[in-house]
Amino acid sequence: MKLVRSGENRYRLKRQGKMLVEGLVYANDYLLPLIATDKSLQQLADAAGLPGVVGPVCGMPDMHEGFGLPIGGVMACAPDGVISAGAVGMDINCGVRLLVTEVPADELDPPILRKLINRIERYVPTGVGRKGRNRGITRDIFEEAVHIGPLGLVKRGYGLPADLNKIEEGGCLPGADLGAVSSRACERGAVQLGTLGGGNHFIELQVISELYDRQTADAFGLCPGALTVMVHTGSRGFGHQICVDYSKILLAAAGEYGIEVPDRGLACAPIDSQEGKNYYAAMACAVNYAFANRHLITHEIRKAFVDVLGKGRYNLGINLVYDIAHNIAKWEEHGGQRLLIHRKGATRALPSGHMGNPSIYRHTGHPVLIPGSMGTASYVVTGMEKAAESFFSANHGAGRVLSRTAAKKEISKEQFELSMSGTLYNTRNYRELLDEAPGAYKDIDQVVETLAAIDLTCKVAKLEPLAVIKGKD
DNA sequence: ATGTGC
């Protein structure tokens, strides 16, 4: 696959073969050689050949090979185009939520940090396959959550009313219908609501180490030295099962509608078809479920903080900064056109003044949350006008350089400990974490800088990790 | 990502 340089940090993937539109890939000199090592460019080209695709298909600087569309990929489709489960991803509405506390991080020594993550882990079940403990999360609450997201939870006393306008889409994608979801998905989903999961999912205690844009940071409630909590998780077995179910359904549908599918992972159907509409209705359930999942976890984190720090002199105001999806398909208006934007390992990044922002962030642009790998920094940025060329999208993280198996094999104990640079973690056995080691990921500073340098994004704040909870498998 | 498998 041939990339043609098109200005700083920007490459065009020119039309070839069955591509209907061009690709646009963001990389600097450090990232470019890493992108060429896997199938991600071919996957981008495959997506560019789907019916109704509106160009360019975009590859973010953290792009790497995925199921169907690469992770770090953006695909826009016109209303007469297609919808693809693989272009949303296995973990529907995998996303990030950032909380900011009024606790000065330098007053928390390692034993207190340890106490905090232990208490959080006591309240939030972690690990693959883990079910929620019976904390009153009934089938009714599950069914309400998939249809209206955190809104119903707030009415029931989980979280605060003020949280709701700090969630992408207000925490509720319209059109969710549990009737489109298999009973198997519901069985898995009902018992996992309020759990973290495994893999790259985490809860991290961080300190705001640097501000780049003080005015915007103020608007986001971010002060230097304050302790923040970042939550990265998604729709657990619920979204996974929906993706698996609909990948099969959409593959069969593609055949019926005469759509040539270049790869099983890009199985798709016309947005307007019954199969396409059903997938959207099911996906919306998982989107709302994941917002609700992060919302319930927030409730448990607030409880843990009161337990550990509540008797001291701390003001325990723990405010939601924002909650953003990075695996989702939704309707947005771009250049006067209504498009179904598939973002997989990519986040929305709207500029200031854009009407798609929640009202409280209209004048700044909503916060874009970009976690680094475990042990490395995370960033808060905003979108800029120039991001119109990527359908107002930015990268979602650092992006892998080593597969999970390669990381387990190649990274030594010494390398791991050095790369964790003193960050506390919630397990005795470092081997369980090697597949998530910093060395398995790209350099987050380089990835963030790639878009910031060409004014697609504007850096607002840097967050350094202090302690992390990872799901143990 | 995931009760990690068609």
Side-chain angles (χ1 to χ4, degrees), chain A residues 38 40 43 62-73 84-97 125-133 181-193 195-203 231-252 255 261 263-265 267 282-283 285-287 289-291 293-294 297 324-329 342-347 371 373-374 396-400 402-408 431-437 440-441 469-473:
Chain A
D38 64 17
S40 56
Q43 293 182 324
D62 55 343
M63 180 169 77
H64 59 102
E65 187 178 330
F67 169 66
L69 195 69
I71 294 155
S84 166
V88 170
M90 286 285 181
D91 188 5
I92 298 165
N93 191 4
C94 189
V96 180
R97 177 178 279 225
T126 72
V128 175
R130 194 60 67 87
K131 296 175 181 178
R133 298 172 195 122
V181 178
S182 69
S183 55
R184 194 177 188 188
C186 289
E187 281 159 27
R188 292 178 69 180
V191 294
Q192 291 190 333
L193 192 54
T195 65
L196 186 67
N200 64 1
H201 290 164
F202 65 79
I203 299 169
V231 180
H232 178 209
T233 183
S235 52
R236 311 286 289 104
F238 183 60
H240 180 264
Q241 190 64 51
I242 288 170
C243 183
V244 169
D245 292 342
Y246 274 95
S247 291
K248 281 181 210 145
I249 293 167
L250 295 177
L251 188 63
V261 173
D263 177 297
R264 300 172 61 85
M283 177 207 61
C285 286
V287 166
Y289 177 100
F291 284 135
N293 194 34
R294 293 192 287 272
I297 289 172
I324 198 162
H326 53 230
N327 281 4
I328 195 167
H342 298 72
R343 290 195 186 90
K344 179 179 181 184
T347 75
S373 60
M374 177 176 60
H396 82 310
R400 276 195 176 277
L402 294 179
S403 70
R404 292 186 186 280
T405 42
K408 293 243 185 213
R431 283 175 196 282
E432 293 177 17
L433 299 178
L434 275 185
D435 55 338
E436 286 297 318
Y441 284 85
I469 297 167
K470 278 282 193 181
K472 288 171 279 187
D473 296 347

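Among all heavy-atom pairs drawn from A/A407 and A/L434, the shortest one is CB-O, 3.6 Å. Smallest separation of non-hydrogen atoms from A/V88 and A/A329: CG2-CB, 3.6 Å.
A residue-by-residue look at A/T233 and A/K248 shows that A/T233 has its nearest nucleotide of DNA chain B further toward the 5' end.
The interatomic distance linking A/I71 (CD1) with B/dT2 (C1') rounds to 13 Å, in whole Å. A straight line from CD of A/Q241 to P of B/dG5 spans 13 Å, rounded to a whole angstrom. Between A/F238 atom CZ and B/dT2 atom C1' there is a gap of 15 Å when expressed in whole angstrom units. Rounded to whole angstrom, the span from the CZ atom of A/R404 across to the P atom of B/dT4 amounts to 14 Å. Nucleotide B/dT4 holds its P atom 18 Å from the CD atom of A/E436, rounded to whole Å. The distance between atom NZ of A/K131 and atom P of B/dT2, rounded to the nearest whole Å, is 15 Å. What separates CG of A/D435 from P of B/dT4 is a distance of 16 Å, to the nearest Å. Distance, A/N93 CG to B/dT2 C1': 16 Å, rounded to whole Å.
Residue-level contact check: A/R264 touches neither bases nor backbone, having no heavy atom under 4.0 Å from any strand. At the heavy-atom level, A/E187 lies nowhere under 4.0 Å from the strands shown.
Residues A/Y289 and A/N93 fail the side-chain proximity criterion, which asks for heavy atoms closer than 4.5 Å.
The aromatic ring centres of A/H396 and A/H232 sit 6.0 Å or more apart.
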